[in-house]
**Student:** 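Here it is: the structure, laid out below.
All of these numbers come straight from a predicted model, not from anything done at the bench.
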Amino acid sequence: NQLDFDVGGGLCQLSGLLYHLALTAGLEVIERHPHSVDLYTDETRYTPLGADATTAYGYKDLRLKNNLGFPICFRIRVEENSLIGSLCAPEEIEELELDFSLEVQDGVEIVQTRRKTASGKFEAICSQSYLIANHDQTI
């Protein structure tokens, strides 16, 4: 009955993949929580910094809304060292361009997440801050 700071078991890799797919498809994000610490390096990161989505049962969740006007489904495949996701639908889904701009201030990484709309303009999705982890430690 208490939240604690610790490295998790990898479920956030799945929620991060779903969030990233949702952003590229233009789905509406109802609820999403970024991590508080950037645990990865550029070589070990599974989605761009700013495209992560942490979960904590009964406390933090990822909730998405299909606003495309037709049904969709997520397909997830687990391979030996990979988690592969795709979005399927009866109609073509335009893949929207994402931009994750990073700025570092006083030991904090600040990421602005933007998505290119159908009109060609970038819209702000969110801004999040991450503490920088000690990457010398094994994750």
**Student:** Please determine whether side-chain contact (heavy atoms from CB on, under 4.5 Å) holds for the pair Glu28 and Asn66, giving the CA-CA distance in whole Å, both sets of side-chain angles, and the decisive distance to 0.1 Å.
**Tutor:** CA-CA 7 Å; Glu28 183 179 344; Asn66 178 5; over 6 Å; no

**Student:** Pairs in or reaching into residues 80-98: which pass salt bridge (Lys or Arg N to Asp or Glu O under 4.0 Å), with residues at least two apart or in two chains?
**Tutor:** Glu97-Lys116

**Student:** Dump the intermediate steps for side-chain contact (heavy atoms from CB on, under 4.5 Å) on Thr113 and Leu23, then the final yes or no.
**Tutor:** CA-CA 10 Å; Thr113 302; Leu23 287 180; 4.2 Å; yes

**Student:** Just to verify, what does Ile93 make a side-chain contact (heavy atoms from CB on, under 4.5 Å) with, not counting sequence neighbours?
**Tutor:** Ala25, Leu68, Phe70, Ile72, Leu87, Ala89

**Student:** How long is the gap from SG on Cys88 to CZ on Arg75, to the nearest 0.5 Å?
**Tutor:** 4.0 Å

**Student:** For residues 16-25, which residue pairs qualify under salt bridge (Lys or Arg N to Asp or Glu O under 4.0 Å), counting only residues two or more places apart or in two chains?
**Tutor:** none

**Student:** Between Leu98 and Leu64, is there shared hydrophobic-cluster membership here, with clusters defined by ILVMFWY side-chain heavy atoms closer than 4.5 Å?
**Tutor:** yes

**Student:** Please name the pair of heavy atoms, one in Pro71 and one in Pro90, separated by the smallest distance, quoted to 0.1 Å.
**Tutor:** O-CD, 3.1 Å

**Student:** Heavy atoms, side chains only, cut-off 4.5 Å: are Val104 and Ile110 in contact?
**Tutor:** no

**Student:** Going by salt bridge (Lys or Arg N to Asp or Glu O under 4.0 Å), name the residues that satisfy it together with Glu79, two or more places apart in sequence or in a different chain.
**Tutor:** Arg77

**Student:** Residues in ring pair (Phe, Tyr, Trp, His ring centres under 6.0 Å) with Phe100, at least two apart?
**Tutor:** none

**Student:** Side-chain donor-acceptor pairs under 3.5 Å in residues 46-55, sequence neighbours left out?
**Tutor:**
from, atom 1, to, atom 2, distance (Å)
Tyr46, OH, Cys12, O, 3.4
Thr47, OG1, Ala51, O, 3.4
Asp52, OD1, Arg32, NH2, 3.4
Asp52, OD1, Tyr130, OH, 2.4
Asp52, OD2, His35, N, 2.7
Asp52, OD2, His35, ND1, 2.7

**Student:** Can you list everything that forms a side-chain contact (heavy atoms from CB on, under 4.5 Å) with Leu17? Sequence neighbours excluded, please.
**Tutor:** Leu21, Ile76, Leu83

**Student:** Under the salt bridge (Lys or Arg N to Asp or Glu O under 4.0 Å) rule, collect the residues that match up with Asp99, sequence neighbours excluded.
**Tutor:** Arg114

**Student:** Considering only distance and modelled atom types, tabulate donor-acceptor pairs under 3.5 Å from the side chains of residues 119-127, sequence neighbours left out.
**Tutor:**
from, atom 1, to, atom 2, distance (Å)
Ser119, OG, Thr117, OG1, 2.9
Glu123, OE2, Arg115, NE, 3.2
Glu123, OE2, Arg115, NH2, 3.3
Ser127, OG, Gln112, NE2, 3.0

**Student:** Less than 4.5 Å apart, side chain to side chain, heavy atoms only: is that true for Val29 and Leu27?
**Tutor:** no

**Student:** Looking at residues at least two apart in the chain, or sitting in another chain, which of them share a salt bridge (Lys or Arg N to Asp or Glu O under 4.0 Å) with Glu31?
**Tutor:** Arg63

**Student:** Could you pull out the closest heavy-atom pair between His33 and Asp61, with the gap in Å?
**Tutor:** CD2-O, 3.5 Å

**Student:** Do Leu62 and Ile30 come close enough that some side-chain heavy atom pair is under 4.5 Å?
**Tutor:** no

**Student:** Under the salt bridge (Lys or Arg N to Asp or Glu O under 4.0 Å) rule, what pairs show up with a residue in residues 10-24, not counting sequence neighbours?
**Tutor:** none

**Student:** Mind checking what makes side-chain contact (heavy atoms from CB on, under 4.5 Å) contact with Asp42, not counting sequence neighbours?
**Tutor:** Arg45

